[in-house]
> 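Structure below; questions to follow.
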Amino acid sequence: MYTDGDSLQYIDKTAAESYMSVRSFPATLNKKITLLKYFRNYMSEHLLKAGANVARREGDELARLPYLSLWFRTKSAIVLHLSNGTVQINFFQDHTKLILCPLMGAVTYIDEKRDFRTYKLSLLEEFGCCRELASRLRYAKLMVEKLLDSKSSSGAH
């Protein structure tokens, strides 16, 4: 869904793309659009808008938005894998979040107080980090391994 809250891009399992709006879409997508509306409302009411105050850069409007390529839920968290390689893990118990960005070689951690910090992975490796972040990074490593296993076993893209 684009920032206007109406325009949509749908990418099916074969990577075929189509464009539509929340007001006008094929009947075959009715369930998906209903879920999308539910999640949009939930997210705008309950979730932190991290980065909402970050200024847009020239050329951002030309950037291709990443899309959700795979997700799964565990008893501890929900794991979201985006098409650009980014992995976000939302932990249920304390509502903390971990966002791994392979493009930047960095991890962003959003704590219980909704404060967020971004760390270069190379610097974490060199200098270490607090116990709280380290335990979440260990969990993230397991989830990334699970993602890699599922992609290699299914031949997914």
Side-chain angles (χ1 to χ4, degrees), residues 1-13 15 17 22 32-33 35-154 156-157:
M1 179 178 288
Y2 290 86
T3 55
D4 66 6
D6 184 49
S7 303
L8 302 171
Q9 176 183 12
Y10 179 70
I11 303 168
D12 70 15
K13 289 179 181 171
E17 300 176 20
V22 172
K32 292 180 186 306
I33 300 295
L35 272 173
L36 179 67
K37 288 176 182 176
Y38 169 80
F39 283 115
R40 179 190 59 192
N41 292 337
Y42 176 85
M43 289 170 71
S44 53
E45 287 178 26
H46 300 293
L47 299 182
L48 171 68
K49 291 171 177 60
N53 299 326
V54 175
R56 292 187 169 257
R57 297 172 301 183
E58 189 174 333
D60 276 357
E61 70 280 0
L62 302 173
R64 185 168 183 84
L65 292 175
Y67 58 89
L68 184 64
S69 68
L70 183 70
W71 71 276
F72 59 88
R73 182 185 173 112
T74 68
K75 65 181 182 194
S76 308
I78 189 162
V79 180
L80 310 163
H81 183 223
L82 302 182
S83 60
N84 66 358
T86 298
V87 173
Q88 179 172 328
I89 302 172
N90 298 348
F91 295 93
F92 297 134
Q93 185 174 1
D94 57 7
H95 303 288
T96 59
K97 293 165 183 53
L98 201 63
I99 303 164
L100 300 159
C101 178
L103 303 173
M104 292 184 2
V107 60
T108 298
Y109 178 58
I110 304 173
D111 67 20
E112 308 90 2
K113 296 180 220 126
R114 296 184 168 184
D115 293 328
F116 71 95
R117 295 200 189 299
T118 300
Y119 306 90
K120 290 287 282 174
L121 293 171
S122 59
L123 294 176
L124 288 177
E125 185 177 35
E126 187 176 346
F127 299 108
C129 61
C130 67
R131 182 173 288 141
E132 186 180 329
L133 179 56
S135 74
R136 284 165 182 79
L137 286 169
R138 278 191 291 278
Y139 185 82
K141 181 180 183 286
L142 294 172
M143 296 304 103
V144 168
E145 288 168 351
K146 187 173 178 170
L147 280 166
L148 290 170
D149 288 347
S150 74
K151 284 194 177 278
S152 65
S153 65
S154 71
H157 296 68

> Of all heavy-atom pairs between Y109 and E112, which one has the smallest distance, and what is that distance?
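Closest approach of Y109 to E112, heavy atoms only: OH-OE2, 4.4 Å.
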> Which residues pass the side chain to side chain donor-acceptor pair (under 3.5 Å) test with T86, not counting sequence neighbours?
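T86: side chain to side chain donor-acceptor pair (under 3.5 Å) contacts with N84.
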> Checking T96 side chain against F91 main chain: does a donor-acceptor pair fall under 3.5 Å?
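Checking the backbone N and O of F91 against the side chain of T96, no donor-acceptor pair under 3.5 Å is found.
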> For residues G5 and V22, report the shortest heavy-atom separation together with the two atoms involved.
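Closest approach of G5 to V22: O-CG2, 3.8 Å.
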> Going by the rule side-chain contact (heavy atoms from CB on, under 4.5 Å), which residues pair with M104 if we only count those two or more places apart in sequence or in a different chain?
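If we apply the side-chain contact (heavy atoms from CB on, under 4.5 Å) test to M104, skipping adjacent residues, the hits are C101, A106, T118.
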> Show the nearest heavy-atom pair for residues K32 and Y10, with the distance to one decimal.
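The answer is CE-OH, 3.3 Å.
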> Roughly how far, to the nearest 0.5 Å, is the CG atom of L98 from the OG atom of S135?
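Answer for the OG-CG pair, S135 versus L98, is 9.5 Å.
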> Does D111 have any side chain to side chain donor-acceptor pair (under 3.5 Å) partners at least two apart in sequence or in another chain, and if so, which?
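Checked D111 against side chain to side chain donor-acceptor pair (under 3.5 Å); zero matches.
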> So, for N90 and Q88, which heavy atoms are closest and what is the spacing to 0.1 Å?
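Heavy atoms only, the tightest pair is OD1-NE2, 2.7 Å.
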> Which residues satisfy the side-chain contact (heavy atoms from CB on, under 4.5 Å) test with Y2, sequence neighbours excluded?
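For Y2, the residues satisfying side-chain contact (heavy atoms from CB on, under 4.5 Å) (neighbours in sequence not counted) are D4, S7, Q9, Y19, L65.
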> Enumerate the salt bridge (charged side-chain N to carboxylate O under 4.0 Å, His left out) contacts for residues 117-134, please, sequence neighbours excluded, ordered by first and then second residue.
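Checked against salt bridge (charged side-chain N to carboxylate O under 4.0 Å, His left out) - neighbours excluded - no pair reaches residues 117-134.
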> Name all residues meeting the side-chain contact (heavy atoms from CB on, under 4.5 Å) criterion together with T74; count only those two or more places apart in sequence or in a different chain, and write none if there are none.
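F72, S76, A77, Y139, M143, K146.
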> Kindly compute the distance separating CG (L133) from CG (L124), expressed to the nearest 0.5 Å.
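Reported value, rounded in 0.5 Å steps: 6.0 Å.
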> For D94, which residues count as a salt bridge (Lys or Arg N to Asp or Glu O under 4.0 Å) partner, sequence neighbours excluded?
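For D94 the salt bridge (Lys or Arg N to Asp or Glu O under 4.0 Å) partners, ignoring immediate neighbours, are R136.
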> For K141, what residues pass the side-chain contact (heavy atoms from CB on, under 4.5 Å) criterion, not counting sequence neighbours?
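Counting only residues at least two positions away or on another chain, K141 forms a side-chain contact (heavy atoms from CB on, under 4.5 Å) with E145.
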> Does Y67 offer a backbone N or O that forms a donor-acceptor pair with the side chain of S83 under 3.5 Å?
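Confirmed, S83 side chain pairs with Y67 backbone.
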> CG of L137 to CG of L121: how many Å apart, nearest 0.5 Å?
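CG of L121 is found 7.5 Å from CG of L137.
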> CD1/I89 to NE2/H81 distance, rounded to the nearest 0.5 angstrom?
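That separation rounds to 11.0 Å.
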> Which pair of non-hydrogen atoms, one from T108 and one from F116, has the smallest distance, and what is that distance?
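Smallest interatomic distance, heavy atoms only, reads CG2-CD1, 3.9 Å.
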> Listed by chain and number, what are the salt bridge (Lys or Arg N to Asp or Glu O under 4.0 Å) partners of D6, not counting sequence neighbours?
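With neighbours one apart ignored, the set is R23.
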> Any side-chain heavy atom of D115 sitting closer than 4.5 Å to one from I110?
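No, every pair of side-chain atoms sits at 4.5 Å or beyond.
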